[in-house]
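Structure, as structure tokens:
For reference, positions follow the sequence shown, starting with 1. Bear in mind the structure is a predicted one, so any value in this text is a computation, not a measurement.
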Amino acid sequence: MALKALTHLQRAGLLALCATVLTGCGTIAPPRTDDPLESFNRKVYTFNDAADKAVIRPVAVTYRKITNDTARRLISNFFANIKMPITIINDLLQADAESALRNSGRFAVNTTIGVIGLFDPASKMKLPYDETDFGVTLAKWGIPEGPYLVLPLVGPTTGRDVLRMPVDQFFDPLYWYGLRNDSWFLSQYSPNLFYLVTLRSRGIEAESLLEGVFDPYIFQRDAYRQRRLYAIYAGHPPDEIIEQLQGTNDVDVDALLEEQLEYEKSKNAEPAKH
């Protein structure tokens, strides 16, 4: 059978696609059981979604309206560069001297020749952007992922990734700028707030992915965990890890796909409704 010739990764991907297509129908993959705090997480997700629609997204939309692509690219370059010390220090914590040296070179080039990071000559000098954080460091140290969490006004994370927030903040130049300056109405923290607006602005382009999604909570949860997995394995996670993430370890993919074909045949055989 042709299905037998598929690699484990391809089969896992097909299963995920099949589950998406069949959501709301009689044939779906078994539910995942690796979200023990789902009830709490869904409540926070609902709160975050409401806050985003009421305040955060409108601000991001306004930002996109008053800027053009070039301005947004320069601003994103600046923030990516000024936060590069977080990556460099985590490279060292991960005992990755090569990446630490390369990213230090990138930071030096873009800060000087690139005019405080507004431009990106380092990429043309074969010093590509390479981001990491303390959550990845903990994973490489063998710390378990812990439960999936959705935090108010923070969004998706995990028990392990929660620990990265205070550590990475400590190495963030914008954090120290806000801490060492005292301005009216706490405006010294406006650069970090502006950074968050730029991140949300970029997310607007991906909103179309949620159109037609049966359960946006699950979509966001799985997308977050997959993105973190690719960060930990530098874009090349093992097939078995992908299967574990997608919950396909103990699923008969062939049987599920054949059931999908039978379902489609039965739907096509039904007389048209008038």
### Query
Under 3.5 Å, side chain of Arg160 to main-chain N/O of Ile143, donor-acceptor pair present?
yes
### same_hphob_cluster(Leu151, Leu193) at 4.5 Å side-chain heavy-atom cutoff
no
### Query
Got a donor-acceptor contact below 3.5 angstrom from the Asn90 side chain to the Phe134 backbone?
yes
### Message
Using only atom types and a distance under 3.5 Å, with no angle test, would you say the side chain of Asp96 pairs donor to acceptor with the backbone of Asp91?
### Response
no
### Message
Any non-hydrogen side-chain atom of Val150 less than 4.5 Å from a side-chain atom of Tyr217?
### Response
yes
### Message
Using salt bridge (charged side-chain N to carboxylate O under 4.0 Å, His left out), reason through Arg42 and Asp215 one step at a time and then give a plain yes or no.
### Response
CA-CA 11 Å; Arg42 283 187 179 274; Asp215 192 335; 2.7 Å; yes
### Task
Rounded to the nearest 0.5 Å, what's the gap from CD1 on Ile82 to CD1 on Ile116? Could you check?
8.0 Å
### Query
Of the non-hydrogen atoms in Ile88 and Ser104, which two are nearest, and what is the gap between them?
CG2-OG, 3.5 Å
### Task
Report yes if some heavy atom in the side chain of Tyr224 is under 4.5 Å from a heavy atom in the side chain of Thr158; otherwise report no.
yes
### Nearest heavy-atom neighbours spanning Tyr175 and Asn192
N-ND2, 4.0 Å
### Query
So, are Asp130 and Arg106 salt-bridged, with charged N and O less than 4.0 Å apart?
no
### Task
Any chance you could measure Phe40, atom CZ, to Leu149, atom CG, to the nearest 0.5 Å?
7.5 Å
## Note on the structure
The reported gap from CD1 in Ile232 to CZ in Arg227 (rounded to nearest 0.5 angstrom) is 11.0 Å
### Task
Answer yes if Val154 and Val162 sit in the same cluster of Ile, Leu, Val, Met, Phe, Trp and Tyr residues linked by side chain heavy atoms under 4.5 Å apart, and no otherwise.
yes
### Query
Should Arg64 and Asp69 count as an ion pair when the cut-off is N to O under 4.0 Å?
no
### Task
Measure the spacing between OG1 of Thr137 and CD1 of Ile86 and express it to the nearest 0.5 Å.
11.5 Å
#### Entry: Rounded distance (nearest 0.5 Å) linking atom CD1 of Ile204 with atom OH of Tyr63
10.5 Å
### Task
Flag the pair Arg200 and Glu207 as a salt bridge only when some basic side-chain nitrogen lies within less than 4.0 angstrom of an acidic carboxylate oxygen.
yes
### Residues Asn103 and Thr87: side-chain donor-acceptor under 3.5 angstrom
no
### Query
Taking all non-hydrogen atoms of both residues, which atom of Pro173 and which atom of Phe171 are closest, and how far apart?
CD-O, 3.3 Å
### Message
Testing the 3.5 Å rule here: is there a donor-acceptor pair between the side chains of Ser99 and Arg102?
### Response
yes
### Query
Heavy-atom distance under 4.5 Å between the side chains of Phe214 and Phe219, does that happen here?
no
### Query
Do Asp35 and Asn41 have side-chain atoms, one donor and one acceptor, less than 3.5 Å apart?
yes
### CD on Glu131 to OH on Tyr129, rounded to 0.5 Å
3.5 Å
### Query
Got a salt bridge between Asp161 and Arg225, using NZ or NE/NH1/NH2 to carboxylate O under 4.0 Å?
no
### Task
Only one of Thr67, Thr62, Val61 passes side chain to side chain contact (heavy atoms under 4.5 Å, CB included) with Lys65; say which it is.
Val61
### Task
Return the minimal non-hydrogen interatomic distance between Pro121 and Val109, and the atom names on each side.
CG-CG1, 3.9 Å
### Query
Taking all non-hydrogen atoms of both residues, which atom of Leu92 and which atom of Ala100 are closest, and how far apart?
CD2-CB, 3.6 Å
#### Entry: Glu145/Arg228 ion pair, N-O < 4.0 Å
no
### Task
Would you kindly confirm whether Leu196 and Leu74 end up in one hydrophobic cluster when ILVMFWY residues are joined by side chain heavy atoms under 4.5 Å apart?
yes
### Query
Hey, any chance Ile89 and Phe107 share a hydrophobic cluster, counting ILVMFWY side chains that come within less than 4.5 Å of each other, even indirectly?
no
### Task
Side-chain contact test, heavy atoms from C-beta onward, threshold under 4.5 Å: evaluate it for Asp222 versus Gln226 and give yes or no.
no
### Query
If you measure from the Lys or Arg side-chain nitrogens to the Asp or Glu carboxylate oxygens, is any gap between Asp133 and Arg164 under 4.0 Å?
yes
### Message
Can a donor-acceptor pair be found, under 3.5 Å and without considering hydrogens, that links the side chain of Trp141 to the backbone of Gln94?
### Response
no
### Query
For Arg72, does its backbone N or O pair with a side-chain atom of Ser76 as donor and acceptor, under 3.5 Å?
yes
### Message
What I'd like to find out is whether the side chain of Pro216 reaches to under 4.5 Å of the side chain of Tyr45, using heavy atoms alone.
### Response
yes
### Task
Without swapping roles, check the side chain of Asn110 against the backbone of Asn81 for a donor-acceptor pair under 3.5 Å.
no
#### Entry: Joint cluster assignment, Met165 & Leu37, ILVMFWY side-chain distance < 4.5 Å
yes
### Task
Specify whether Tyr195 and Phe79 have parallel, tilted or perpendicular ring planes, treating 30° as the upper limit for parallel and 60° as the lower limit for perpendicular.
tilted
### Summary
Taking every heavy atom of Phe78 against every heavy atom of Leu118, the minimum-distance pair comes out as CB-CD2, 3.9 Å
